[in-house]
There are 2 protein chains.
Amino acid sequence: MPKNKLSTSDRILQSALQLMKEKGFQLVTIKEIAEAAHVSEMTVFRHFETKKGVLEAAIERNTVVPGFKQTLDKDLVFDLEKDLLQIAHLYLDLMKRYESICLIAVQERASMPELVDLVSDNTEQLKGYITAYFNTMQEEGKMKQTDSYTQASIFLATLFSYFISTALWKEKFITVAKEKFIKNSVQTFCYGLQP
Amino acid sequence: MPKNKLSTSDRILQSALQLMKEKGFQLVTIKEIAEAAHVSEMTVFRHFETKKGVLEAAIERNTVVPGFKQTLDKDLVFDLEKDLLQIAHLYLDLMKRYESICLIAVQERASMPELVDLVSDNTEQLKGYITAYFNTMQEEGKMKQTDSYTQASIFLATLFSYFISTALWKEKFITVAKEKFIKNSVQTFCYGLQP
DNA sequence: TATGTTAGTTAGTAACAACTAACATATGTT
DNA sequence: AACATATGTTAGTTGTTACTAACTAACATA
């Protein structure tokens with residue numbers, strides 16, 4: 001079945017996702033998708049019936065259920081700096097995998113408001129785990145007494161900012177390199193800026 | 001000239017901006033704009049010639065040159081927490097005024113990549129001022145020795161995250177209220193999370 | 001009263017997009 | 001050889017959209 005490397009279906013889905021992540025669902029035409037996948041328009045319709053069908057298939061192929069719980073239970077060492085670094089990488093890796101879907105969810109938030117749930121459900125879950133982690137750390141006296149949920153929100157927000165601004169505009173807003181951004185964020189979160 | 005409250009032109013521009021901020025430029029039709037402004041399509045064309053003309057006029061009416069420099073020189077007291085609070089409000093107020101333009105810049109980043117400059121130019125400028133401020137604070141021993149530019153980036157990134165996620169999805173991602181978000185962010189930046 | 005300004009109505013054009021239908025071709029399998 | 005499967009080609013339908021043109025109506029001002 002695979003002639004070159006990817007099957008026809010896969011090539012179509014890959015091209016479609018790439019184009020839709022750049023321009024959104026409605027602004028991409030079947031013609032563009034077909035050209036990018038080196039097939040005729042008819043082939044696209046034969047595989048997926050409708051344009052919406054292409055998107056749905058592409059989403060299905062790109063959604064994964066992330067296993068935060070296990071990863072966190074396994075890797076957390078209850079050292080604030082080390083753990084925040086772990087969490088930061090975990091979150092950014094997750095968002096990277098959801099990059100296309102997230103960008104389509106941005107573009108189509110008026111026409112397909114349910115799309116964003118695919119991303120926000122995971123984020124909410126992770127936020128919950130971080131909140132619980134902060135609570136534990138506070139009980140153990142390893143962290144200041146603060147509102148864990150708010151702190152979890154702010155920590156993820158900082159990382160989300162890095163993700164979304166590079167996804168949308170490359171280095172236009174954030175020119176700092178990823179690792180440097182993460183490292184400095186975590187350190188600031190842990191120790192603050194005051195001397 | 002003003003019959004009710006706003007002139008016809010203003011009503012058109014206001015409706016157009018509202019619609020485009022929700023759906024982007026290309027996905028809004030003149031028909032929608034005309035209906036929202038309670039005029040006929042012809043009236044829209046008579047006032048602005050083309051659809052692009054509507055956008056350009058709307059942008060012109062909504063861009064302001066912000067006077068950071070004066071505001072900062074006037075209000076900074078060189079107390080880290082107080083100053084970061086000021087800066088946070090300054091930045092979020094600015095972004096609020098650019099909300100529509102920024103959202104259109106998101107939607108049309110493939111077709112009008114120059115749009116985002118209207119927002120990022122201001123942000124870059126402010127980032128520069130914050131960097132300089134951090135440098136001063138470090139010289140005065142009121143702040144840890146760190147990379148000022150990176151810290152300025154991270155601080156603005158955190159705020160940008162609040163702005164963009166509420167602009168795109170209301171409370172879907174960040175449920176924490178604005179003032180609480182700002183206050184906690186600033187405190188974390190100043191004092192960190194470690195006890 | 002005459003005139004200019006502003007807006008509405010109606011009809012139409014040209015381009016493009018999603019999708020359908022019918023037919024043709026290549027390739028591999030039985 | 002016979003057949004199924006995957007793909008291409010071509011032509012068409014239907015709906016939408018930006019934009020134009022021509023005519024009309026209301027209203028304010030000179």
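The model shown is predicted, which means the values in this text are computed figures rather than measured ones.
Residue contacts for A/Thr43: at a heavy-atom cut-off of 4.0 Å it reaches the sugar-phosphate backbone alone, with no base atom in range. Here A/Thr29 lies in heavy-atom contact (under 4.0 Å) with sugar-phosphate atoms only.
The phosphate of D/dA6 has neither OP1 nor OP2 within less than 4.0 Å of any side-chain N or O from A/His47. A close approach under 4.0 Å does occur between a side-chain nitrogen or oxygen of A/Thr8 and OP1 or OP2 of D/dT7.
We find that CD1 of B/Ile30 is positioned 17 Å from P of D/dT16, with the value rounded to whole Å. Between A/Lys31 atom NZ and C/dA18 atom C1' there is a gap of 13 Å when expressed in whole angstrom units. Following rounding to the nearest Å, B/Glu35 (CD) and C/dG8 (C1') show an atom-to-atom distance of 14 Å. Atom P of nucleotide C/dC16 and atom CD of A/Glu41 are separated by 13 Å, given to the nearest angstrom. Summarising the geometry, the separation between CZ on B/Phe48 and C1' on D/dA18 is reported as 16 Å, rounded to the nearest angstrom. When the P atom of C/dA18 is taken as reference, atom CD of A/Glu32 falls 9 Å away, rounded to whole Å. Spacing between atom CZ of B/Arg11 and atom C1' of C/dG8 amounts to 13 Å, rounded to whole angstrom units. Atom CD in A/Gln26 sits about 12 Å away from atom P in C/dC19, given to the nearest Å.
Annotation for B/Leu13 and B/Val54: closest pair CD2-O, 3.6 Å, computed over non-hydrogen atoms.
The partner of D/dA30 is C/dT1, judged by Watson-Crick or G-U wobble contacts that both fall below 3.5 Å. Base pairing of C/dA17: its partner is D/dT14, meeting the Watson-Crick or G-U wobble criterion (both donor-acceptor distances under 3.5 Å).
No hydrogens or angles considered: a donor-acceptor pair under 3.5 Å links the side chains of A/Ser40 and A/Thr43.
For the pair B/Gln138 (side chain) and B/Thr146 (backbone), a donor-acceptor distance under 3.5 Å is present.
A perpendicular orientation is assigned to the rings of B/Phe68 and B/Tyr129, their planes being inclined by more than 60° (bins at 30° and 60°).
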I would like to know whether A/Glu114 and A/Met112 meet side-chain contact (heavy atoms from CB on, under 4.5 Å); could you show each step before the answer?
CA-CA 5 Å; A/Glu114 74 286 357; A/Met112 306 175 187; 3.7 Å; yes

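Closest to the side chain of A/Lys51, out of C/dC19, D/dT9, D/dC19, is C/dC19.
Toward the 5' end of DNA chain D, the nearer of the two residues B/Arg46 and B/Lys52, judged by each one's closest nucleotide, is B/Lys52. When each of A/Val28 and A/Met42 is assigned the nucleotide of DNA chain C bearing its nearest heavy atom, the one mapping closer to the 5' terminus is A/Val28.
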